[in-house]
Amino acid sequence: QVQLVESGGGLVQAGGSLRLSCAASGRTIGTYRMAWFRQAPGKEREFVAAISPSASTTYVTGSVKGRFTITRDNVKNTVDLQMITLNPEDTAVYYCAADRRPTGEGTAVRDATRYDYWGQGTQVTVSS
């Protein structure tokens, strides 16, 4: 069993930056695909970014490309999401997720049902 705890959320003005961190415990995540999802009020949870176990491949959704960067440290058992040039549309609860048997690319990476473990989420609010 893996426990995921997100941190780093908060209130920031449009154009600002935040760095989210996800700390895993209970088991090493070195073989897991890790991802960030977000859910805005009244909307469905959506994929934001993912990173392969070795960090050789990253995936980001189009709306955050060039602004968000996902990284991982398999020694520290952490996954980070660096967010720059934030805008009000980025306001959401951000969730860290782990896929313990990552297979496939494309839609498999973005499918929330593929992920086995989830954190409780951290709120990001961007004011205009």
Side-chain angles (χ1 to χ4, degrees):
Q1 193 76 355
V2 173
Q3 293 78 44
L4 303 175
V5 178
E6 302 95 337
S7 62
L11 174 64
V12 63
Q13 288 188 330
S17 302
L18 281 175
R19 188 177 185 91
L20 306 183
S21 187
C22 173
S25 62
R27 186 167 296 207
T28 180
I29 59 170
T31 60
Y32 295 3
R33 177 183 289 151
M34 301 299 296
W36 288 92
F37 288 76
R38 67 185 181 185
Q39 187 166 17
K43 294 187 177 181
E44 293 187 354
R45 189 170 298 190
E46 67 169 348
F47 170 81
V48 176
I51 188 165
S52 64
S54 67
S56 60
T57 306
T58 60
Y59 316 81
V60 292
T61 195
S63 62
V64 307
K65 192 167 292 185
R67 301 190 298 121
F68 290 14
T69 303
I70 186 170
T71 57
R72 68 189 297 160
D73 186 327
N74 286 341
V75 174
K76 295 181 179 179
N77 235 27
T78 59
V79 180
D80 288 355
L81 185 68
Q82 177 68 51
M83 307 184 294
I84 65 171
T85 321
L86 286 160
N87 58 62
E89 289 69 40
D90 296 316
T91 294
V93 178
Y94 283 71
Y95 297 91
C96 177
D99 179 355
R100 60 180 176 167
R101 295 190 180 93
T103 57
E105 304 286 332
T107 55
V109 175
R110 302 166 185 270
D111 182 358
T113 65
R114 295 292 298 264
Y115 291 83
D116 305 286
Y117 304 108
W118 292 82
Q120 293 298 307
T122 185
Q123 176 70 48
V124 171
T125 303
V126 185
S127 62
S128 57

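Within a 6.0 Å sphere centred on CZ of Arg110, other residues, nucleotides and ligands contribute more than 12 heavy atoms.
Separation of atoms CG (Asp80) and OG (Ser21) is listed at 4.0 Å; rounding is to 0.5 Å. Annotation: the span from Gln82 atom CD to Ile70 atom CD1 amounts to 12.0 Å, rounded to 0.5 Å. For the atom pair OH of Tyr115 and CZ of Arg33, the computed distance is 5.5 Å after rounding to the nearest 0.5 Å. Interatomic distance, CG of Leu11 versus OG1 of Thr125, reported as 6.0 Å (0.5 Å rounding). Interatomic distance, CG of Leu20 versus CE of Met83, reported as 3.5 Å (0.5 Å rounding). Between atom OG of residue Ser7 and atom CZ of residue Arg19 there is a gap of 10.5 Å, rounded to the nearest 0.5 Å.
At distances below 3.5 Å, not a single donor-acceptor pair connects side-chain atoms of Asn77 with backbone N or O atoms of Gly30. Distance alone, capped at 3.5 Å, is enough to place a donor-acceptor pair between the Glu6 side chain and the Gln120 backbone.
For the pair Glu46/Arg38, a side-chain contact is recorded, criterion being any heavy-atom separation below 4.5 Å from C-beta on. In this structure, the side chains of Ile29 and Met34 come closer than 4.5 Å at one or more pairs of heavy atoms.
Scanning both residues, Arg114 and Thr103, for their nearest heavy atoms gives NH2-OG1, 2.7 Å. In plain terms, the two heavy atoms of Ala49 and Leu81 that are nearest each other are CB-CD1, 4.1 Å. Minimum interatomic distance between Thr91 and Val126 (heavy atoms only, all atoms of both residues): OG1-N, 2.9 Å. The minimum heavy-atom distance linking Thr28 with Asn74 is given by the pair OG1-O, 4.4 Å. Heavy-atom minimum distance, Asp90 versus Thr85: OD2-O, 4.4 Å. When all heavy atoms of Ala98 and Leu4 are compared, the closest pair comes out as N-CD1, 4.0 Å.
The same ILVMFWY cluster, assembled from side-chain heavy atoms under 4.5 Å apart, contains both Val79 and Val2. Hydrophobic clustering (side-chain heavy atoms under 4.5 Å, transitive across Ile, Leu, Val, Met, Phe, Trp, Tyr) keeps Tyr95 apart from Phe68. Leu86 and Phe47 are members of different hydrophobic clusters when ILVMFWY side chains are connected at heavy-atom separations under 4.5 Å. Under a hydrophobic clustering in which Ile, Leu, Val, Met, Phe, Trp and Tyr are joined whenever their side-chain heavy atoms come within less than 4.5 Å, directly or via other members, Tyr94 and Tyr59 fall into different clusters.
Residues Arg72 and Ser52 bring no donor and acceptor atom of their side chains to less than 3.5 Å of each other. A donor and an acceptor atom, one from each side chain of Arg100 and Tyr32, are nowhere located under 3.5 Å apart.
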- Message: side-chain contact (heavy atoms from CB on, under 4.5 Å), that's the test. Do Ile51 and Thr57 meet it? Break it down for me.
- Response: CA-CA 6 Å; Ile51 188 165; Thr57 306; over 6 Å; no

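The aromatic rings of Phe37 and Trp118 sit tilted relative to each other, their planes meeting at an angle between 30° and 60°.
Contacts classified as disulfide bond (SG atoms under 2.5 Å apart) and involving residues 21-100 (residues at least two apart or in different chains) are given here: Cys22-Cys96.
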